[in-house]
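Before any comments, here is the structure.
Counting from 1, the numbers follow the sequence of the chain as shown. The structure displayed is predicted, hence computed values, not measured ones.
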Amino acid sequence: MAEGRRGGARAVGGGAVSVVIVGGGLAGISAAIALQESDVQVTLVEARPWLGGATHSFHRDGLSVDNGQHVSLRCCTAYQGLLRRLRTDRFVDVQDRFDVTVLRPGAAPARLRRAPLPSPLHLLPALARYAPLSMGDRLRAARASAALRRLDPRDAALDEISAGTWLAGRGQRPWAREALWGLFITAALNAEVDDAALGLSAMVCRRALFGRADAADIGVPAVPLAELHGGPALRRIEEAGGTVRLKAKVEAVTTDPKVVVDGTPMAADAVVMAVPHEAAARLLPAEALPDPLRWHELDASPIVNVHVVFDRPVMDLPFAAAVGSPVQWVFDRTAVSGLDGGGQYLAVSLSAADRWIDVPTADLRARFVPELRRLLPAARRAGVRDVFVTRERRATFRQRPGSGAARPGAATRAPGLFLAGAWTDTGWPDTMEGAVRSGLTAARLVRRHLEGVRDR
């Protein structure tokens with residue numbers, strides 16, 4: 001078992017470790033660092049042998065492989081703040097200007113690129129030239145955009161209907177919903193447009209597309225995720241005197257509060273449960289859970305990545321979207337993975353991947369290698385060295401209508417027990433930004449709780 005060094009506990013009373021954080025994903029990491037910056041001692045407990053949670057890397061045949069294609073936008077300010085604290089912000093390549101090439105079978109690539117204009121005019125020229133849509137669809141999309149900007153994502157009524165239903169009511173035909181709105185909503189919410197909650201969809205579009213002109217500029221990691229998040233977080237927490245326990249199983253949490261780790265009780269003045277909702281519901285005492293407990297309604301939505309290694313370069317872009325194809329987004333992973341020998345490593349990212357999650361690798365290869373050759377002419381002359389698949393069966397919660405009402409706040413019914421995770425009520429979708437924000441919120445409530453304990 002890997003374990004960080006143990007700092008001296010600054011307990012409120014009785015020599016207990018001040019705060020135990022269960023879960024070493026971005027939410028738990030963010031909570032730990034925020035508390036340490038307030039001189040609170042933390043112990044972070046993680047069941048896996050690494051930190052980073054759903055953003056991790058592994059090695060395969062000499063390649064460094066990320067479990068998924070995790071990108072950020074310039075509007076993801078909390079996430080950027082975490083990277084600065086980890087001193088890894090320089091390892092993310094952020095566009096100077098939002099620019100996405102959209103591949104289409106049998107047609108020239110299209111392009112969505114923001115103009116040097118103030119918001120909300122910055123994307124209108126790109127929409128006016130967006131070849132996958134007819135002129136009529138472009139005009140209707142512009143009108144729908146104006147209506148979308150007027151929505152308040154905090155309106156609970158928006159959580160009850162789907163983005164697809166709302167867009168269809170404003171003239172967005174199925175092709176427009178797929179070829180335009182799906183590029184953003186499906187990737188951000190891990191849900192098809194017709195299945196995605198309108199409130200979260202409106203939040204994403206308003207913040208990224210209709211907010212600051214540079215809000216949607218895309219940042220792509222230039223190093224494996226383990227070097228961007230997990231490894232630096234372990235060092236950062238340990239350097240500040242915290243304890244990190246890896247490969248440690250949390251068996252129960254009590255209202256004392258106390259955490260039972262590998263059969264041994266660990267007393268604390270506060271506990272942050274930065275774990276998926278299923279684990280939180282199983283581990284927390286009944287007194288801490290809401291009545292009725294609705295977290296099971298959040299369910300889970302999968303993401304699949306199909307990794308293809310060609311024997312030569314076939315794409316000269318860092319990433320591209322695709323429409324009219326089962327390919328959604330494709331990323332060039334050649335440099336980040338450490339591939340040499342003149343080939344190219346592409347990763348196809350498939351969100352809302354219910355139809356693909358149980359498909360055998362051989363069948364996915366037979367489906368997606370020809371699709372890449374349809375989209376990328378240079379791939380038609382290239383040989384394939386390797387194809388493998390990564391599957392995240394429970395990548396996010398299912399961000400469908402009604403899910404917002406099931407998302408809890410950070411406080412539980414038990415004093416001293418708190419929740420963190422992108423599934424909690426952050427106001428953001430289940431993303432890296434949402435995870436970081438949840439950790440910061442939990443840390444703020446923990447500090448308030450500890451102040452109250454000290455006052456007593």
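For A32 against L44, the heavy-atom pair with the smallest separation is CB-CD1, 4.1 Å.
Judged as a ring pair (Phe, Tyr, Trp, His ring centres under 6.0 Å), and not counting sequence neighbours, H122 has no contacts. Scanning for side chain to side chain donor-acceptor pair (under 3.5 Å) contacts around Y130 gives an empty result, with sequence neighbours left out. A search for side chain to side chain donor-acceptor pair (under 3.5 Å) contacts involving D66 returns S57, R333, not counting sequence neighbours. Checked against side chain to side chain donor-acceptor pair (under 3.5 Å), T334 has the following partners two or more places apart in sequence or in another chain: D332. Listed by chain and number, the residues in a side chain to side chain donor-acceptor pair (under 3.5 Å) with E392 are N67 (sequence neighbours excluded).
Taking the six-membered ring where the residue is Trp, H56 and F58 present tilted rings, their angle falling between 30° and 60°. The aromatic rings of Y345 and H307 sit tilted relative to each other, their planes meeting at an angle between 30° and 60°.
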Derivation of the salt bridge (charged side-chain N to carboxylate O under 4.0 Å, His left out) call for K247 and D262: CA-CA 10 Å; K247 296 192 289 186; D262 293 329; over 6 Å; no
side-chain contact (heavy atoms from CB on, under 4.5 Å) between R447 and L450, intermediate numbers included: CA-CA 5 Å; R447 288 193 295 266; L450 294 179; 5.7 Å; no
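The side-chain tip of R60 points at the ring of F388 from less than 6.0 angstrom away and within 45° of straight on.
Ion pair D217/R74 flagged as a salt bridge, since at least one NZ, NE, NH1 or NH2 atom sits closer than 4.0 Å to an Asp/Glu carboxylate oxygen. Between R398 and E297, none of the side-chain N atoms (NZ, or NE/NH1/NH2) sits under 4.0 Å from a carboxylate O, so this pair counts as no salt bridge.
A donor-acceptor contact under 3.5 angstrom links the side chains of H229 and T55, judged on distance only.
Looking at heavy atoms from C-beta onward, H277 lies out of side-chain contact with T424 at the 4.5 angstrom threshold. With contacts defined as side-chain heavy-atom distances shorter than 4.5 Å, the pair V446/V272 qualifies.
Among residue pairs with one or both ends in residues 86-97, those qualifying as salt bridge (Lys or Arg N to Asp or Glu O under 4.0 Å) are R87-E239; sequence neighbours excluded.
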